[in-house]
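Convention: sequence-line order gives letters A, B, ...; per-chain numbering from 1.
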Amino acid sequence: MSDALTLVVAVASPLLLIALVALTPRGRLSVRIAMRNAFRRPAQTLLVALGLSLAALLFSASFTLEAALHQAMRAQQTADLGGVDAVVTPVEADDREEPEQPEEAGEAADTGPPALDSDDVRSIEDALDEPGTTVSSLLSLPVPVEHERTERGEPGLTVVGAANNDDAVRLVDSSGEPLARDGLREDDILISGAASRDLRAERGDVLTVADRTMRVVGVYETGAPLAPPASAVVSLRELQEIADLPNRVNAVTLAYDREVTWEEREDPVHGELSSLARANDWEAEPLRASAHESADRLTTELSTLFLLFSQLSMVAGVLLIVLVVMMLAGERHAEFGVLRAMGMKRGRLAFVLALEGLGYAVLASAAGTLLGWAVGAGASRVLSDRVTDPALPPPRLEFGFDPVAMATAYLIGVGVIAVVFALVALRASKVDIVAALRGAEAPPRSRRRAVVLPVLALLAGLATAALGVRNGTATETLTGLTLVCGALGAGLPRLRVPQRLAHSAGAVAVIVLWSLPSELFGETGSGITIFFLSGIALVGAGVWLFVSNDDLVQRALRRLLAPLPRMTSVVPIAVAYSVRNRLRSGMTIAMLSIVVLTITLSGFVTAAVNQIYADHRSVTGGFDLQASWVSPGGAPPDLRSVFEESPHIDTSEVGRIGGYADVSVRARQIDAEAGAEEVGVWGADEDYLLGNRYPVFLRAPGLDSSEEVWDELRRSPNTAVVSGTMIPSDSAAFVGGGSDLELEGVDVLDEELPGDLRLEVAGPDGGTTTLRVIGVVDRSAEYLGDVVTSTEGLARITGEDASPTHWFVAAEDREEVGEVALAARRALLDHGVTVTPLQEEVEFRASSNGVVQWLLMAFMGFGLVVGCSALGVVSIRSITERRNQIGVLRAIGMQRSGIRRLFLIESLVVTVSGIALGVGLGFAVSPGLVDSLRVDLPGVTYTVPVAVLVVIIGATLVFSTLVSVLASRRAGDVPPAEALRDRT
Amino acid sequence: MTTPVIHVKDITKTYGEGQASSSALRNVSLTVAEGEWVSIMGPSGCGKSTLLNCASGLDGIDGGTVLVEGEDIHALSERKRTVRRARRMGFVFQGYNLIPVLSALENVEMPLLLGGARPGNARSRALAALERVGLADRSRHLPSQLSGGQQQRVAIARGIVHDPAIVWADEPTGALDSASTSEVLRLLRELHADGLTLIMVTHDPDVAAYGDREVHMADGRVDRVEDNSARPASGPSDASPGV
């Protein structure tokens, strides 16, 4: 079925259901009643549909966000591929047996990059079965490039050499126009926008490329395949001459003639080229399929995070649906009494209301889905700019209307609304006919039922808690105990325990239960699940406590407000009404507080985590610059000597320097079940081990401080310190994922590391080396390898010299980092070493995190709109219900403004209670939450997110006051004589 | 006749527009003297409640004038009209119309608070009013905890607590049983005896007979006026009117 057809079927199916019902003789009457009710009060129908659509919006926005982000991530991840789908490259010269070298390549070729000749290319073409695949040959090398006029240079700019007619290179300029390469001459060079900015070079400028002078003939934004953002394109022959690699290439690119829709492992390069690649020691990479997978993984992580966090807002949405439906049913209470009196069966009555609900569901869900699409699209536009790689050009977002995602969101919306309608319809159909006809309240429920429910809840709670204790799972244990507390609180008044005492004790017990560290009750699993459940439980208990003691609240508020001028006559009624309708007020308070609590807690987490990024040195190990050797040949320089000899840099401005060499190898934990995984191993030099400032939070027995750990690492080559990302943690959900290799038998809560924690690391020659893990650095150490050992330790693994190829540098004076960076760049330009200031990177990452988290909060903020809408629904319902009383108050002399004040205060009592409960619970729970993060992120600091609190409280007050003012104006405008005639 | 406190002259009132319009009052005139009890009688839909609403300023009029204590009440702004109701008028309705979330005492003190009285003063006066209607011991009860007759007595206390010049009563016994009706009428008669001006709408001839005058209405017009002032001061009967 096509996507569009799926959408049509999804939209049509509920309508078809209504039509089918209308075809039956009985159904026709039901449909007629339902339709006429919907059209009887168009304004109210619109209001109801709008309220319901807000709930549907949340589902749709989540799906749209995922779809749009998915598209954006894929677009960006494949932006540097040009028209290339897969590539075949020779493996690094160091890692294989050298093939026969052409004589003319001489010495340079011996140590130069691996390359393929025309025979290799032909053999690849011959091996391909995939019809219509375009095969191209490229040479891509780091080449020193200088711009003399601006004195800027790049020691290892990636330069791509391609035949002028090669389709794999599809350069596009900043305006989106293709850049022609037909007339590219020998001394012409095209540079990327990023390279243009780095070198401050423009079209027409002359650059020194290795030992040649070339003129910039164009600047492109994208399209150079297999190149980073800062790159250049020259003719293939020219680059071959520069590199002294005549007739050689180092990449054979494949472009399939059909769209890549398959998974990475199903790519043709694996099937058709695998034996050829293996035989020749080549690597065949399915670049596009791999990029798709990585984009999809990132998208899924982000959208899952959004979906999980917005679950609480969705709960608010569902509560809104319940409120709206209850309002509708309540308004027609008398009508139901009449219908029942005339002989309509209860089921039929419920059916009529449920049918009406289905109509509303279709209308509201369609509107909500469309609105959600717009909202999700907007959110993903902001998000994609910040979460994708800042070095890459921003992805071009094409907000396609994903019919399947929309159909799913629409059907979920219809389903949730229709189910809630059906449930409320069943309850509403249970009409006490006489009470309904008189317009009086129904008599209280039977005592039997009031006993049965708590008993059932108690039994279910005990069973769930027992299951949780047996399985050692906190979620089940806590859920079970919550049910037990709730059931006891609700049921004990039947045993003559005072109601206030029983209810309050039940509510307080639930609050205490969920405020305790959840680890006390067993395995917590995903932190997010517990977070979601605790939000629901805390708010539920908070509201229960509030409504159980509403008379005290009422008394306190009256004491507080009544002495205010113009409030004396209004406050008693306003306060009494807001606490009298317990269910309605309680649900509205719950809706508001659940959203406020979620956003407040997110604010606390964000503020705590952001404290780490406040000083870039706390995540870089105390360094300010990173330098990397990028030259393709020769030996890496000794950085300290270069600085001492260079006239460009004043060594007194340079503080600590530490270096490391790195290698990617497979490693496994000895005596553990998990197999080997790919990890990055650093061989750090003495200067780094003595000079870095990373605290080691888990240490092997006998090592009492971080300094002792680093010193032990320096002295013993068979030891290692690992990154905190290798330790499984719940807080990863808040601060980022973990390493591929997760250590077993270690917990972030441990006092110290086991003495026998060892890793077996496989070397390139097939041999293995054992490293004893003596320390774990926390997750905030972002500039640290998975496994860190000494230079000697790495040499034992690789069997080769492990001289540093990367360095970290700290400026003596933090204020002079910019100057030191510039001086270091100049000093290192001729040595093939690039320099990156770390402060900007860390700041960008912090701001990206900030944007993501603010957006997350904004997304949850839709729950606020939902909550405020609920307030409007409740206010309007209240006005309709109390028209007669408004008439009386007006008759006995209350001014129009008094009526408005009355309804305004009534709404504000609910709003302020919701905010106070949400923020109060936030303050109660946040220290524990931040503490749980501190376990493996020692840098987090408990900080009150003042800005978030001001925004959330302000926004809630403004929105709810606006809604309340509109509703209260309506109340004030009720004509007294007309209202007195109204008996509803 | 003593000084008229209410002077209604040629008032008209129409509900709806065009073909759907219906005339509720057609050139109705009425004068009520200070301390007089006027019963407005008539079948359902004859316009008696509309007359009460228009004369008290609760509802607007389409033509004519209404002078209350010498002032054209419909010439006043809505705000001033409301202030006048709060200070000079009391209301008693058929369905009691108490605020269900407020206790009897709180309901009664409401007009005083609306009139600007201090809370302490309002409370003591409200208690006195409840004492007068015999419900001081029920002052803390919510309306739902009182019988219909008790609720109506609370409503009467609310209507008189601020010493209004005029009390408007719309079917005050319409929802009551015979015993409660007697009790309420006895109370109204006592208040009237103390000099209260009372305009009462009823469809029950026995209840109407308590008034000094009976104004009979039909089709939005005053059909006839009967003067009961010649009757003995004790009223028509103490036994179950309207039954």
Side-chain angles (χ1 to χ4, degrees), chain A residues 438-441 443-444 550-551 554 558-559 561-582 585 878 881-899 901-902 906 972-984, chain B residues 13 15 24 49-50 52-54 56-61 77-103 105-120 122 142-144 155 158-159 161-162 164 168 170 175:
Chain A
R438 280 186 181 165
E441 283 181 20
D550 54 9
D551 54 330
Q554 185 177 347
R558 285 177 64 164
R559 284 247 166 92
L561 296 174
L564 298 175
R566 291 167 175 266
M567 291 290 173
T568 324
S569 56
V570 173
V571 166
I573 309 176
V575 174
Y577 266 114
S578 50
V579 294
R580 182 198 183 217
N581 292 312
R582 287 182 163 187
S585 298
S878 200
E881 256 179 14
R882 283 158 46 197
R883 274 173 68 85
N884 183 258
Q885 286 158 37
I886 293 171
V888 174
L889 287 168
R890 295 281 285 124
I892 65 173
M894 188 175 276
Q895 293 288 0
R896 200 185 279 231
S897 57
I899 301 283
R901 262 201 307 280
L902 191 150
E906 220 174 294
D973 291 344
V974 172
E978 196 182 303
L980 282 167
R981 277 195 295 275
D982 201 335
R983 287 283 161 201
T984 53
Chain B
K13 174 76 181 173
Y15 289 114
S49 289
T50 306
L52 184 142
N53 288 342
C54 291
S56 63
L58 280 177
D59 211 348
I61 54 175
S77 67
E78 200 206 282
R79 189 174 181 79
K80 285 186 175 163
R81 213 159 51 225
T82 307
V83 171
R84 180 165 282 269
R85 279 203 303 274
R87 294 192 177 152
R88 303 293 298 158
M89 298 181 193
F91 288 85
V92 181
F93 304 99
Q94 177 182 1
Y96 332 129
N97 288 338
L98 298 174
I99 308 297
V101 291
L102 299 184
S103 67
L105 184 65
E106 288 169 331
N107 265 288
V108 175
E109 69 183 4
M110 189 55 63
L112 294 167
L113 296 173
L114 287 170
R118 286 173 185 278
L142 288 174
S144 57
R158 182 178 66 183
V161 70
H162 53 308
W168 308 85
D170 190 356

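Across B:Arg79 and A:Gln895, no two heavy atoms sit closer than the pair O-NE2, 2.8 Å. Contact between A:Met894 and B:Thr82 at its shortest, heavy atoms only, is O-CG2, 3.4 Å. Shortest non-hydrogen contact noted between B:Phe93 and A:Ala891 is CZ-CB, 3.8 Å. Contact between A:Gly893 and B:Ala86 at its shortest, heavy atoms only, is CA-CB, 3.6 Å. Here the closest heavy-atom approach between residue A:Ile892 and residue B:Pro111 is recorded as CD1-CG, 4.3 Å.
Interface summary for chain A: among B:Glu78, B:Met89, B:Glu106, the most heavy-atom pairs under 4.5 angstrom belong to B:Glu78.
Counting only heavy atoms from C-beta outward, the side chains of A:Val888 and B:Met110 never approach each other to under 4.5 Å.
For B:Leu114, the parts sitting under 4.5 Å from any heavy atom of chain A are the backbone and the side chain alike.
Within the structure, every pair that satisfies the salt bridge (Lys or Arg N to Asp or Glu O under 4.0 Å) test and touches residues 85-98 of chain B, not counting sequence neighbours, is listed here: B:Glu69-B:Arg88.
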